[in-house]
Amino acid sequence: MAENTEIVVIGGGYAGVMAANRLTQRDDVTVTLINARPDFVERIRLHQLAGGTHKAVNDYRKVLGERIRLVVDTVTRIDATRRRVELASGDTAGYDYLIYAVGSGSADPDVPGAAEFAHPIATFEEAQRLRSVLDAAPATAPVTVVGAGPTGIETAAELAEAGRTVTLVCGGLLGPYLHPNGRRSLTKRLAGLGVTVLQGPGTKVTEVTGHAVWLGDGRELSSEVTIWTAGFGVPALAARSGLSTDTLGRLLTDETLTSIDDERIVAAGDSAAPSDMPFRMSCQAAGPLGAHAADTVLSRIASKRPAPIDLGFAGQCISLGRRAGMFQFAHKDDTAKRLHLGGRTGAKVKELVCKLTVKQLVNEARKPGSHTWAKGEQGRRLLRAQRREAAVTAEQSA
């Protein structure tokens with residue numbers, strides 16, 4: 001290997017930036033970050049971009065270390081044999097190690113009319129387009145938000161607080177992650193904002209048109225603007241490059257976050273599936289996963305054995321407009337506790353978390369290797385035990 005180690009990081013989100021910054025602990029590495037956009041996107045603020053209360057971007061010069069080379073381009077293929085990536089511009093970039101942190105986005109909806117008439121909000125460009133659609137729509141136009149997770153809840157609350165008439169269609173249970181105590185508090189806040197919440201088995205969307213949303217129980221909802229937050233997808237880059245992925249396209253890795261196909265490729269963030277048991281999509285996981293991916297690469301450069309990922313969760317933050325929010329406390333294995341914070345205190349906690357996610361990147365850029373996180377190996381052991389038990393049960397039933 002050359003005296004200087006070339007490392008390419010694909011994806012400039014929370015995980016990719018954290019990994020790139022942490023890699024600069026060594027003077028003998030060259031780090032290139034490849035990202036499709038020239039600015040860092042605060043994804044957890046995209047509902048605010050759509051609602052007009054935040055720009056949801058930061059300059060990369062603020063969050064990236066000075067030694068990192070930023071290339072604004074899109075990786076179209078990973079050539080693992082030649083250790084290079086091919087770019088949409090026609091250029092290529094060689095690497096000794098690759099960190100795969102391409103993030104996630106909206107899943108292609110299979111509901112008739114959804115792709116044509118509903119507006120996703122998982123990327124900066126999608127949130128921008130939705131902002132334009134909302135600006136062009138009359139203030140009295142009915143808005144339907146489809147999806148009962150944090151993004152759907154936050155979007156519905158943000159728009160309702162701005163005076164929009166909003167219906168939140170859950171397709172099942174409102175806030176499925178939440179403890180029942182937290183869900184009751186959330187329901188009360190949404191009602192206070194005037195959001196109509198439709199949940200239960202009959203609320204799955206069966207069709208979307210330009211002016212309506214149809215539900216499984218036969219109801220037709222008038223909807224001038226339909227926002228789609230249901231579903232999860234990742235870029236097809238890994239699969240397209242011949243690497244092993246899970247059913248959703250996340251790169252399959254071992255517990256060190258190393259690709260099961262190639263020890264020179266390490267994954268981080270939403271696009272990683274360690275032991276085919278991916279962590280919950282969140283900035284809470286992205287930062288530690290990015291840091292650990294960098295640690296795995298640094299260990300290999302130093303001819304040391306990489307450690308397995310050890311990550312514990314604290315909870316889930318949900319903004320409910322600008323004046324209220326919720327923090328649902330969780331066990332380290334990412335299951336909800338009875339305890340939650342709500343109201344103005346919840347809003348302050350949520351805003352603090354949003355600011356801290358950026359501050360952590362800034363701190364790591366200034367002092368590489370400084371980022372720490374909560375541990376929770378017991379949770380991973382339980383997940384692995386459950387996976388083994390399920391596999392045994394399936395084998396016995398076959």
Side-chain angles (χ1 to χ4, degrees), residues 44 46-48 50-51 53 106 109 111 113-114 117-122 127 130 133-134 137 139-209 211-232 315-328 336 338 340-344 346-347 350:
I44 55 177
L46 288 180
H47 64 286
Q48 289 185 254
T53 60
S106 304
V111 174
F117 297 110
H119 304 277
I121 192 177
L130 175 58
V133 170
L134 289 166
T140 56
V143 176
T144 301
V145 179
V146 180
T151 302
I153 294 167
E154 291 183 325
T155 303
E158 196 78 23
L159 298 181
E161 189 177 70
R164 292 283 182 177
T165 302
V166 181
T167 298
L168 177 61
V169 178
C170 297
L173 187 65
L174 173 68
Y177 178 90
L178 301 174
H179 187 276
N181 289 352
R183 188 174 298 110
R184 283 191 290 270
S185 176
L186 174 67
T187 301
K188 183 177 180 180
R189 171 59 181 171
L190 290 174
L193 288 171
V195 178
T196 300
V197 177
L198 302 180
Q199 59 179 321
T203 61
K204 289 188 180 297
V205 175
T206 57
E207 185 179 358
V208 179
T209 68
H211 302 285
V213 171
W214 291 84
L215 305 183
D217 59 12
R219 276 181 288 180
E220 178 187 4
L221 309 177
S222 177
S223 182
E224 290 302 312
V225 180
T226 301
I227 303 170
W228 197 271
T229 72
F232 165 93
Q316 186 179 81
C317 274
I318 301 176
S319 68
L320 300 170
R322 297 300 89 214
R323 295 187 293 273
M326 171 180 289
F327 183 80
Q328 169 67 70
R338 291 178 58 86
H340 72 276
L341 295 175
R344 291 187 178 276
K350 169 68 176 183

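- A pairwise comparison of heavy atoms in A347 and A324 identifies CB-C, 3.5 Å as the closest pair.
- Residues satisfying the side chain to side chain contact (heavy atoms under 4.5 Å, CB included) criterion with T196, sequence neighbours excluded, are T167, L198.
- The structure places OG1 of T206 at 11.5 Å from CZ of R219, a figure rounded to the nearest 0.5 Å.
- Closest heavy-atom contact between E158 and G321: OE1-CA, 4.0 Å.
- Across every non-hydrogen atom of L193 and A160, the tightest pair is O-CB, 3.7 Å.
- Looking only at atom types and distance, the side chain of T144 has a donor-acceptor partner in the side chain of S223 under 3.5 Å away.
- The main-chain N or O of G113 is never found under 3.5 Å from a side-chain atom of E207 such that the two would form a donor-acceptor pair.
- Atom NE2 of H179 is separated from atom CZ of R338 by 5.0 Å, given to the nearest 0.5 angstrom.
- Here the CG-CG distance, from L178 to L186, works out to 6.0 Å after rounding to the nearest 0.5 Å.
- Remark: the backbone N or O of C170 is not paired with any side-chain donor or acceptor of Q199 at under 3.5 angstrom.
- Side-chain atoms of E161 come within 3.5 Å of backbone N or O of R322 as a donor-acceptor pair.
- Between C317 and K350, the shortest heavy-atom contact is CB-CD, 3.7 Å.
- Distance CD1/I121 to OG1/T151: 7.5 Å, rounded to 0.5 Å.
- Of all heavy-atom pairs spanning L215 and G202, the tightest one is CB-O, 3.7 Å.
- The minimum heavy-atom distance linking P120 with A118 is given by the pair CD-O, 3.6 Å.
- A donor-acceptor pair is defined here as one N or O able to donate and one able to accept, closer than 3.5 Å; no such pair exists between the side chain of R164 and the backbone of L159.
- Contact of the V145 side chain with the T229 side chain is registered, since non-hydrogen atoms from C-beta on lie closer than 4.5 Å.
- Side chain of R183 to backbone of G175: a donor-acceptor contact under 3.5 angstrom is found.
- Looking only at distances, a side-chain donor or acceptor of E154 sits under 3.5 Å from a matching main-chain atom of S319.
- To the nearest 0.5 Å, the span separating CG on L168 from CD1 on I153 amounts to 6.5 Å.
- Here the straight-line distance linking atom CH2 of W228 with atom NE2 of H119 works out to 12.5 Å at 0.5 Å rounding.
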